[in-house]
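If you read the sequence from its start, that first residue is 1, and numbering goes on from there.
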Amino acid sequence: MRFILPVLAIAASFACPAAAQLTAPEQAIVETVESGFESDVALLEEITLINSGTHNHAGVKAVADVLAPEFEALGFAVEWIDQAANGRAGHLFARYEGTPATTKMLLIGHLDTVFEPDSSFTGFVREGDRAVVPGVVDNKGGIVVILAALRAMKEAGTLDGANIVVALTGDEEDAGEPLEAARADLIEAGKWADVALGFEGLSVLDGKDAGVIARRSSGSWTLTTSATSGHSSGIFSDHAGYGAIYEMARILDSFRRELPEENLTYNVGFMAGGTPAELGADALSATTSGKTNIIPSSAVARGDLRALTQEQNERAAARMRAIVADHLSGTEAEIAIEFRYPPMAPTDGNRALLDRLNAINADLGREVMEPYPPSRRGAADISFVAPHVDGLAGMGPAGSGSHAEGETIELRSIVRQAQRTAILLSRLAKEPSAN
């Protein structure tokens, strides 16, 4: 159910920012988050020193085991949702039941990282208010933001009436299969909720914190071309045709020329052509062989497809299929397109939530957070609930280098993000549910 704020209320929140003030509980939230900073950093260090690459199932569960008591201490009912049937470790869900018929809030993060046990990038290296750590922004810092916010709410007395589900998936970086089963619990929580917040890293635009009201989808495509092989002296002739590699080149260049539109990308990740060319069993590699005087019999390429809306996805896919169907002489081609992570399209409800967050920024004496360009953000778990509930993403800490050695967090950003989150949740908790 969409949770859309009254337009007059939004306008009023910005009409006289100088008169806006934090309530006593909100001021207590600000102070509690600040005073808990070093404890939060200590928890961050503890969980980041546990390797939890998606395929390290024991490590993912070990992180969940550290976090579960943290939620239980705040009065949450904690559940481990085993995902062995889907080839993954599992998800940690924590639920807090407050006043009936008030806003239902879903907080989304993930336990896993891209760094598997064989990664050379390890340790927790702190340099003042920065730390270089694998998975620290994506996404363990976001989990710490969630806990810091909830602890502050508990201390201020605003958690008591709140209805909250915290969903920490164990396979965000490489979702289990079938995808429908791997995300069933998250989607169910999204249908329950009025508001969803995603705690991947904070977006920064021109040196200023920005709000994320949209994220693009993530899909993939596999293109194969084939042709009759023969002596190269016959290429381009009516009886021999053009060969598989020229057909592949025609299609890929047509994508480049004919598909462009705002917020749409379609990368070619890898390709191979020859006699023969074959896709690897992992679908992430290919092998080929051939000779300069042989017309190539086959070619294969794989890439991704990212769009801002599902309609844009479908439009691009239809055009790609039409391009593939227009073969060069003597060739055949097929394309398979898979939509995996759906888009988080921009909605009026998402914009209204950012307005609410900016009212809090005004109360805190902070700058307005402008919407972040969706073309700069990848897909995330919040996208699975986006069709059902309004939300904001990018509620985690600031940093850089996610998915790469040298991933870095700006530790003080935990404080400002937790303060924003706790006040937003506290205000929403006092309002009626939309479903």
| query | Under 3.5 Å, side chain of Asp129 to main-chain N/O of Leu411, donor-acceptor pair present? | reply | no
| task | Check for a donor-acceptor pair, side chain of Arg302 on one end and backbone N or O of Ala283 on the other, with a separation under 3.5 Å. | result | yes
| message | Would Glu177 and Arg88 count as a side-chain contact (heavy atoms from CB on, under 4.5 Å) here? Give the steps. | response | CA-CA 9 Å; Glu177 295 289 352; Arg88 298 295 183 267; 5.8 Å; no
| Glu314 CD: over 12 foreign heavy atoms closer than 6.0 Å | yes
| Would you say the side-chain atoms of Thr99 pair up with the backbone N or O of Thr102, donor to acceptor, closer than 3.5 Å? | no
| request: Write down the atom of Ile164, the atom of Phe76, and the distance for their closest heavy-atom approach. | output: CG2-CE2, 4.0 Å
| query | Got Leu147 and Leu74 here, is their nearest side-chain heavy-atom distance under 4.5 Å? | reply | yes
| message | Any side-chain to backbone donor/acceptor pair from His91 onto Leu168? Under 3.5 Å, distance only. | response | no
| field | Glu261 vs Arg319, salt bridge (charged side-chain N to carboxylate O under 4.0 Å, His left out): CA-CA, chis, key distance, verdict | value | CA-CA 12 Å; Glu261 60 180 81; Arg319 185 63 189 132; over 6 Å; no
| field | OG1-CD1 distance between Thr222 and Ile337, expressed to the nearest 0.5 angstrom | value | 9.5 Å
| request: Name the orientation class of the two ring planes belonging to Tyr266 and Phe255 (parallel below 30°, tilted from 30 to 60°, perpendicular beyond 60°). | output: perpendicular
| query | Just by distance, with hydrogens left out, do Arg420 and Gln417 show a side-chain donor and acceptor under 3.5 Å apart? | reply | yes
| task | Work out which heavy atom in Asn313 is nearest to a heavy atom in Ala307; give both atom names and the distance. | result | OD1-CB, 3.4 Å
| request: Keeping the roles fixed (side chain from Trp221, backbone from Asp304), state whether a donor-acceptor pair exists under 3.5 Å. | output: yes
| query | Looking only at heavy atoms, which two atoms of Gln21 and Glu26 are closest? And how far apart? | reply | O-OE1, 4.4 Å
| remark: Rounded to the nearest 0.5 Å, the CZ atom of Arg427 sits from the CG atom of Leu425 at a distance of 11.5 Å
| task | Say whether Asp174 and Thr54, considering side chains only, have a donor N or O and an acceptor N or O under 3.5 Å apart. | result | no
| query | Taking the side chain as C-beta and beyond, is there a heavy-atom pair between Val165 and Met105 under 4.5 Å? | reply | no
| query | Do you know the tightest heavy-atom contact between Asp82 and Ala89? | reply | OD1-O, 3.7 Å
| field | 4.5 Å side-chain heavy-atom contact, Asn435 and Trp192 | value | no
| Between Glu407 and Val137, is there a donor-acceptor pair closer than 3.5 Å when you use the side chain of the first and the backbone of the second? | yes
| query | For Gly123, does its backbone N or O pair with a side-chain atom of Glu45 as donor and acceptor, under 3.5 Å? | reply | no
| Can you name the closest pair of heavy atoms from Gly176 and Asp171 and give their distance? | N-OD2, 2.8 Å
| field | Minimum heavy-atom distance between Ser413 and Ala398, given as atom pair plus value | value | OG-N, 2.8 Å
| With a 4.5 Å heavy-atom cut-off, do Leu202 and Asp209 have their side chains touching? | yes
| request: Report yes or no: do His57 and Gln83 form a side-chain donor-acceptor pair below 3.5 Å? | output: no
| said: Can you confirm whether the side chains of Arg315 and Gln310 place a donor and an acceptor under 3.5 Å from each other? | reply: no
| query | When you measure from the side chain of Asp194 to the backbone N and O of Lys104, does any donor-acceptor pair fall under 3.5 Å? | reply | yes
| task | Using modelled atom types only, decide if a donor and an acceptor are shared between the side chain of Asn350 and the backbone of Ile213 within a distance under 3.5 Å. | result | yes
| pair Arg250-Glu247: side-chain heavy atoms closer than 4.5 Å | yes
| field | Carboxylate-amine/guanidinium proximity below 4.0 Å for Arg351 and Asp390 | value | no
| query | Salt bridge or not for Lys191 and Glu188, using N-O below 4.0 Å? | reply | no
| query | Under 3.5 Å, is there a donor-acceptor pair between the Arg216 and Asn263 side chains? | reply | no
| said: Does Glu370 form a salt bridge (charged side-chain N to carboxylate O under 4.0 Å, His left out) with Lys208? I'd like the steps, not just the answer. | reply: CA-CA 9 Å; Glu370 299 293 341; Lys208 299 178 181 180; over 6 Å; no
| task | Measure the CG-CG distance between Leu197 and Leu424 for me, rounded to the nearest 0.5 Å. | result | 6.0 Å
| message | Please determine whether side-chain contact (heavy atoms from CB on, under 4.5 Å) holds for the pair Thr122 and Ser119, giving the CA-CA distance in whole Å, both sets of side-chain angles, and the decisive distance to 0.1 Å. | response | CA-CA 7 Å; Thr122 60; Ser119 172; 5.6 Å; no
| Hey, does Tyr341 have a side-chain heavy atom less than 4.5 Å from the side chain of Ser217? | no
| said: Does Asp206 have more than 12 heavy atoms from other residues, nucleotides or ligands lying within 6.0 Å of its CG? | reply: no
| In this structure, are over 12 heavy atoms from other groups packed under 6.0 Å from Glu79 atom CD? | yes
| field | Pairwise distance CG(Asn267) to CG(Leu305) - rounded to 0.5 angstrom | value | 11.0 Å
| side-chain hydrogen bond (donor to acceptor under 3.5 Å, both in side chains) between Thr169 and Asp381, intermediate numbers included | CA-CA 8 Å; Thr169 59; Asp381 275 339; 2.6 Å; yes
| task | Begin with the C-alpha distance, continue with both residues' side-chain angles, and end with the deciding distance and a verdict on side-chain contact (heavy atoms from CB on, under 4.5 Å) for Tyr372 and Val204. | result | CA-CA 8 Å; Tyr372 193 73; Val204 178; over 6 Å; no
| Is there a side-chain contact between Glu334 and Val324 (heavy atoms, below 4.5 Å)? | no
| message | In the structure I gave you, are the side-chain heavy atoms of Leu357 and Met395 within less than 4.5 Å of one another anywhere? | response | yes
| query | So, Asn139 side chain and Phe199 main chain: donor-acceptor pair closer than 3.5 Å or not? | reply | yes
| said: Are there over 12 heavy-atom neighbours, none belonging to Glu97, within less than 6.0 Å of that residue's CD? | reply: no
| said: For Asp355 and Asn358: C-alpha separation, side-chain torsions, deciding distance, then whether side-chain hydrogen bond (donor to acceptor under 3.5 Å, both in side chains) applies. | reply: CA-CA 5 Å; Asp355 287 340; Asn358 276 324; 4.9 Å; no
| query | Can you tell me if CZ on Arg376 sees more than 12 non-hydrogen neighbours from other groups inside 6.0 Å? | reply | no
| message | side-chain contact (heavy atoms from CB on, under 4.5 Å) for Arg377 and Glu200? Distances and angles first, verdict last. | response | CA-CA 10 Å; Arg377 293 293 311 228; Glu200 290 207 328; 3.9 Å; yes
| Distance, nearest 0.5 Å, that separates CZ of Arg151 from CD of Glu155 | 11.5 Å
| For Leu67, which of Ile143, Val166, Ile146, Val144 qualifies under side-chain contact (heavy atoms from CB on, under 4.5 Å)? | Ile143
| query | If you count the non-hydrogen atoms of other residues, nucleotides and ligands that lie under 6.0 Å from CD in Glu262, is the total more than 12? | reply | no
| query | What distance separates Ser285 OG from Leu279 CG, expressed to the nearest 0.5 Å? | reply | 7.0 Å
